[in-house]
**Student:** 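Following this message is one structure expressed as C-alpha cells.
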Amino acid sequence: MTVNPELLRASAAHYINGELSIEAVALAEIADAVGTPVYVYSSAMFAAQYHLLTTALAGLPHLLHYAVKANSTLAVMKQFADLGAGFDIVSGGELSRVLAVGGDPAQVVFSGVGKSIEEIDFALKTGIECFNVESADELARISDRAKILRKVAPIALRINPNVDAQTHPYISTGLKENKFGIAQESALALYLDAQADPCIQVRGIACHIGSQIGDPQPLFDALEQLLTLVDTLKSEGIVLTDIDLGGGFGVTYDDEPAFDVTAWGSRVKQRLVDRGLRLSIEPGRFLTANAGVLLTRVEYLKPGEESPQTAHTHTSSKHFAVVDAAMNDLLRPSLYQAWHGVLPVSQHSQGETKSWDIVGPICESGDWLAKDRQLSLSAGDLLCVMSAGAYGSTLSSNYNTRPRAAEVLVNGTAFRLVRRRESLQDLLSTEML
Ligand code: LLP
C-alpha cells in the first residue's frame with residue numbers, strides 16, 4: 001500500500017503503532033462506539049489552521065469570517081466562534097446556525113446571488129455586519145426591505161474581477177462566465193446609487209474568485225483590481241472601510257503543495273498597510289478539510305475475473321470494494337471527480353493486495369469514493385477517507401433514503417458525538433400521506 005507522505009503530513013490522521021488515529025484516539029475505537037459511516041474531526045487541527053491564517057495576517061486589522069458552507073456542524077462552528085471567528089453565510093439557514101452557537105451577528109457577512117426577501121429581512125432584523133451584494137436587483141431589494149423595516153443596510157459590492165482562479169470549473173467563481181458578483185464596469189454607478197440611498201450604508205468591497213486555489217497569483221490580481229476600484233471610489237467621494245478577499249485557499253488532498261498562507265499574508269499586508277482598510281477573509285476548506293475524515297467499513301469484496309487478455313477479448317477486470325459510505329455521504333468524488341486518499345484504519349489487516357475501486361451501495365455507477373487504489377482488503381475492514389472535513393457532511397443527502405452519517409469531534413484523548421446518525425424515523429417524519 002502506498003501512503004503519500006505529503007497527505008499524512010497535511011492530515012489530522014496519523015498512525016500510532018499501525019492504528020490510524022486522530023489526536024490520541026484510535027479511529028477503530030470511534031467506529032466501534034458510534035458505527036459507520038462516521039465523520040471524525042480534530043479539534044486541535046481546526047484551531048491550528050485558524051491560528052496559521054490569523055498569524056499570517058498579524059499586524060493588519062482583519063477579521064476571519066469562517067465560510068459556514070464548508071462544515072456547518074454546530075460543534076464545529078462553535079469552536080470557530082470561540083476562537084474569535086466571524087462567519088460568512090449564504091442563507092438564512094446558515095444565519096440561524098450562527099445564532100444557535102452564540103455567534104455575533106455583527107461579525108456576519110452574507111454572500112450569495114439569490115438572497116430571498118425572508119432571508120434579507122432575517123439578516124436586517126438580526127443586525128448582520130454586511131450584505132455582500134451580487135447584483136443591481138439585489139441592491140434594490142435590500143434597500144426596499146430596509147426601508148420597510150426602518151433599518152439601514154450595511155453593504156459591500158461583490159466584484160467579479162474576471163480572473164481565472166485556475167481551479168475546477170464548478171468551483172471557479174471569478175470569471176465573467178460565472179454567475180457571481182458585479183462586473184467592474186458597472187460597479188461605480190452602483191456604488192454611487194448606493195451612496196445616495198438613505199437606507200444603505202456603503203461599507204466595503206468584496207470578491208471571491210474560487211475554491212481550492214493553489215497558486216496565489218490570481219488572488220493578488222483580484223486584490224489589485226479591487227484596490228484600483230477603491231481609489232476610483234475615493235476620488236468620487238466614497239470612502240470604504242472594508243475589503244473582503246473571500247476564501248479559496250487550497251489544501252493538500254494528494255501531493256499538492258499546501259497553499260503558503262504566510263507568504264500570501266505578507267504580500268497582502270504589504271499592499272494594504274496604510275490603506276485604512278480592514279481586511280476580511282472567508283476561508284472554509286483551509287480550516288476544515290484536513291481536520292476531518294470519513295470512516296467506512298467494507299461490506300463486500302467483488303474481485304473481477306482475472307481473464308487473460310487476448311487479441312479478441314478486451315477485459316480490463318475491475319475489483320470493487322463495496323463500503324457502507326456512498327455518494328450521499330461524500331459527494332465530491334462523484335460531482336467533481338475529486339481525489340480523496342483512502343487508508344486502512346489498521347495497517348495490520350490482512351487481505352489480498354489489489355487495485356480496488358471503493359464504491360458505495362447506491363444504485364448509480366457514479367457512486368464511487370475512490371478508484372484504482374492499491375490496498376490489502378478483507379470484508380469487514382475499516383477504511384478512512386481522508387481530507388473529508390470540508391464539503392463532506394454539508395453536501396450529504398438522503399438519496400436512496402439513506403440516513404446521514406454520525407459526526408464525532410476528537411479533543412486530545414477524548415471524543416464525543418456531535419451529530420447523531422439520522423434515524424429512519426427522522427427521514428420519514430416530514431412527510432404526510
Ligand atoms: N466565500 C464565498 C462567497 C464562497 O462562495 C466560498 C465557497 C467560500 C467563501 C469558501 O471557499 P473555500 O475557502 O472553502 O475554498 N463544494 C466544493 C466547494 C464549493 C465552494 C463554494 N464557495 C468542493 O467540495 O470542492
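Computation of the quantities below employed the complete heavy-atom set of this structure, encompassing side-chain atoms and omitting hydrogens, waters and symmetry-equivalent molecules. Both ligands and their constituent atoms are indexed starting at 1 by order of listing.
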**Student:** Report, in ascending order of atom number, the atoms of ligand 1 lying under 4.0 Å from any heavy atom of G248.
**Tutor:** 11 (O), 12 (P), 13 (O), 15 (O)

**Student:** Please enumerate all residues that pass salt bridge (Lys or Arg N to Asp or Glu O under 4.0 Å) together with E119, with sequence neighbours excluded.
**Tutor:**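 Per chain and number, E119 pairs via salt bridge (Lys or Arg N to Asp or Glu O under 4.0 Å) with no residue.
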
**Student:** Would R285 count as being in polar contact with ligand 1, using the rule that some N or O on each side must be under 3.5 angstrom apart?
**Tutor:** yes

**Student:** Any side-chain donor-acceptor pair under 3.5 Å between S143 and D197?
**Tutor:**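 Looking only at side-chain atoms, D197 and S143 do form a donor-acceptor pair, the distance falling under 3.5 Å.
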
**Student:** Any luck finding a side-chain donor-acceptor pair between T241 and R278 under 3.5 Å?
**Tutor:** no

**Student:** Please compare K69, R332, Q212, H208 and report which has the shortest non-hydrogen distance to atom 11 (O) of ligand 1.
**Tutor:** H208

**Student:** With heavy atoms of A67 as the reference, note each atom of ligand 1 found under 4.0 Å away.
**Tutor:**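 It comes down to these atoms of ligand 1: 8 (C), 9 (C), 10 (C).
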
**Student:** Quick check on contacts: which atoms of ligand 1 are under 4.0 angstrom from a heavy atom of D88?
**Tutor:**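 Counting from 1, the qualifying ligand atoms are 1 (N), 2 (C), 9 (C).
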
**Student:** Between Q225 and D221, do the side chains contain an N or O donor and an N or O acceptor separated by less than 3.5 Å?
**Tutor:**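 Note: Q225 and D221 side chains miss the donor-acceptor criterion.
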
**Student:** Which of the atoms of ligand 1 are close to G284, meaning less than 4.0 Å from one of its heavy atoms?
**Tutor:**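 Matching atoms, with element in brackets: 12 (P), 13 (O), 14 (O).
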
**Student:** Go through R9 and T252 one step at a time and tell me if the side chain to side chain contact (heavy atoms under 4.5 Å, CB included) criterion holds.
**Tutor:** CA-CA 9 Å; R9 246 195 302 281; T252 302; over 6 Å; no

**Student:** With sequence neighbours left out, write down each residue that passes salt bridge (Lys or Arg N to Asp or Glu O under 4.0 Å) with E364, or none if nothing qualifies.
**Tutor:** none

**Student:** Near R158, which atoms of ligand 1 are under 4.0 Å from a heavy atom of that residue?
**Tutor:**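 Here the atoms of ligand 1 in question are 3 (C).
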
**Student:** Find all atoms of ligand 1 within a distance of less than 4.0 Å from any non-hydrogen atom belonging to P283, and give their numbers and elements.
**Tutor:** 13 (O)

**Student:** For ligand 1, which atoms have a heavy atom of E282 less than 4.0 angstrom away?
**Tutor:** 1 (N), 2 (C), 3 (C), 8 (C), 9 (C), 10 (C), 13 (O)

**Student:** Counting from 1, what ligand 1 atoms have a heavy atom of Y336 closer than 4.0 Å?
**Tutor:** 16 (N), 17 (C), 23 (C), 24 (O), 25 (O)

**Student:** What part of L395 sits under 4.0 Å from ligand 1 if we count only heavy atoms: the side chain, the backbone, both or neither?
**Tutor:**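 Near ligand 1, L395 shows its side chain, while the N, CA, C and O stay back.
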
**Student:** Taking atom types as modelled, find out whether N160 and E134 have a side-chain donor-acceptor pair closer than 3.5 angstrom.
**Tutor:** no

**Student:** State, without any angle test, whether D231 and T228 hold a side-chain donor-acceptor pair at a distance under 3.5 Å.
**Tutor:** no

